[in-house]
Amino acid sequence: MPTQPDANRSALVRRARLANRRLALAYPDAHCELDFNSPLELLVATMLSAQCTDVRVNLVTPALFRRYRTAADYAGAERSELEELIRSTGFFRAKSNSIIGMGQALCERFAGEVPSRLVDLVTLPGVGRKTANVVLGNAFGIPGITVDTHVGRLARRLGWTEEVDPERVEAELNAMFAKTEWTPLSHRLIFHGRRCCQARKPNCAECPIASLCPSAGQAI
DNA sequence: ATCCCGAGGG
DNA sequence: CCCTCTGGAT
């Protein structure tokens with residue numbers, strides 16, 4: 001006989017998994033919307049995506065990826081030139097510093113290659129868990145929940161977690177879903193967050209998982 | 001005025 | 001825990 005908190009917990013997990021299945025039907029084409037052709041390109045694009053739309057990132061990366069092709073290219077990049085190429089993505093000074101430092105770190109510690117382990121990725125300047133999980137999930141096929149602004153907001157609205165710290169949100173979602181769902185679930189939540197459950201105006205009237213959402217219809 | 005596929009520093 | 005970094009879109 002399960003205790004009451006356990007029963008509530010398992011009901012929550014069943015509701016969350018049902019929502020994931022409905023999101024899979026609603027967004028069968030959910031995928032990483034950053035344009036890239038290599039792990040290094042995805043790493044750079046993801047570093048640029050902080051507080052910036054992926055549409056904006058995809059506007060600057062074609063010229064960026066033509067100018068810099070290897071880790072050594074980034075390591076030796078001229079700061080002012082790199083800054084101008086990425087200026088419109090915001091935080092351009094910090095991002096330039098991170099990208100140059102990232103290139104140097106790859107050359108010095110990883111033979112110029114992007115590492116495929118989270119513990120290694122997060123040692124790179126400007127690379128946190130979110131960026132690391134994007135690279136792992138989309139360039140190396142290693143499952144991970146990417147807790148960006150959308151995933152965090154939706155997980156809280158859906159009542160899947162009350163945590164604010166992205167690492168804690170990630171841990172809670174990891175415990176609720178099969179590992180094979182971690183990356184596709186992240187993509188579905190991001191698609192849903194952009195197209196329907198937006199930060200300022202959630203469209204609960206047309207939301208495919210409103211019946212599974214404790215926040216539906218409420219002013220958030 | 002608020003938000004966008006965050007990370008680092010104090 | 002907080003704060004800051006930055007430009008563009010709505």
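All chains are named by letter (A, B, ...) in the order of the sequence lines, taking the proteins before the strands, and each is independently numbered beginning at 1.
Less than 4.0 Å separates DNA chain C from no heavy atom of any residue of residues 162-172 of chain A. Of the residues in residues 113-128 of chain A, not one places a heavy atom less than 4.0 Å from an atom of DNA chain C. For the contact set between residues 74-92 of chain A and DNA chain C, defined by any heavy atom under 4.0 Å, the members are R87(A), S88(A), G90(A), F91(A), F92(A).
The hydrophobic cluster analysis finds V55(A) isolated: no Ile, Leu, Val, Met, Phe, Trp or Tyr side chain comes under 4.5 Å of it, directly or through other members.
How far CG of L154(A) is from CG of D148(A): 9.5 Å, rounded to the nearest 0.5 Å. To the nearest 0.5 angstrom, F191(A) atom CZ is 5.0 Å from D29(A) atom CG. The distance from atom CZ of F92(A) to atom CG of L85(A), rounded to the nearest 0.5 Å, is 12.5 Å. Rounded to the nearest 0.5 angstrom, L212(A) CG and L158(A) CG are separated by 8.0 Å. Going from atom OG1 of T183(A) over to atom NE2 of H31(A) covers 14.0 Å, rounded to the nearest 0.5 Å.
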Is there a side-chain hydrogen bond (donor to acceptor under 3.5 Å, both in side chains) between T70(A) and D73(A) once you walk through the steps? CA-CA 5 Å; T70(A) 68; D73(A) 292 340; 3.3 Å; yes
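Scanning for side chain to side chain contact (heavy atoms under 4.5 Å, CB included) contacts around C207(A) gives H192(A), C196(A), I209(A), A210(A), with sequence neighbours left out. With sequence neighbours left out, T46(A) forms a side-chain hydrogen bond (donor to acceptor under 3.5 Å, both in side chains) with no residue at all. The ring pair (Phe, Tyr, Trp, His ring centres under 6.0 Å) check on Y74(A) picks up Y68(A), with sequence neighbours excluded. Considering only residues two or more places apart in sequence or on other chains, F65(A) meets the ring pair (Phe, Tyr, Trp, His ring centres under 6.0 Å) condition with none of them. Residues passing the salt bridge (charged side-chain N to carboxylate O under 4.0 Å, His left out) test with R21(A), sequence neighbours excluded: none.
Extent of DNA chain C lying under 4.0 Å from chain A heavy atoms, first and last nucleotide in 5' to 3' order, is dC5(C) to dT10(C). Of all nucleotides in DNA chain B having an atom under 4.0 Å from a heavy atom of chain A, the first and last in 5' to 3' order are dT2(B) to dG8(B).
Heavy atoms of E33(A) sit under 4.0 angstrom from at least one base atom. Residue T131(A) is in sugar-phosphate contact alone, with no base atom involved, counting any heavy-atom pair closer than 4.0 Å across all strands shown.
Rounded to the nearest Å, the gap between the P atom of dC5(B) and that of dC3(C) is 24 Å. To the nearest whole angstrom, the two P atoms, one in dT6(C) and one in dG10(B), are 15 Å apart.
Sorted by first and then second residue, the salt bridge (charged side-chain N to carboxylate O under 4.0 Å, His left out) pairs involving residues 89-115 of chain A (not counting sequence neighbours) form an empty list.
Linking Ile, Leu, Val, Met, Phe, Trp and Tyr residues whenever their side-chain heavy atoms come within less than 4.5 Å leaves V151(A) and V134(A) in two separate clusters.
The aromatic rings of W160(A) and F177(A) are tilted relative to each other, their planes meeting at an angle between 30° and 60°.
Comparing T53(A) and K201(A), the nucleotide of DNA chain C nearest to each residue sits closer to the 5' end for T53(A).
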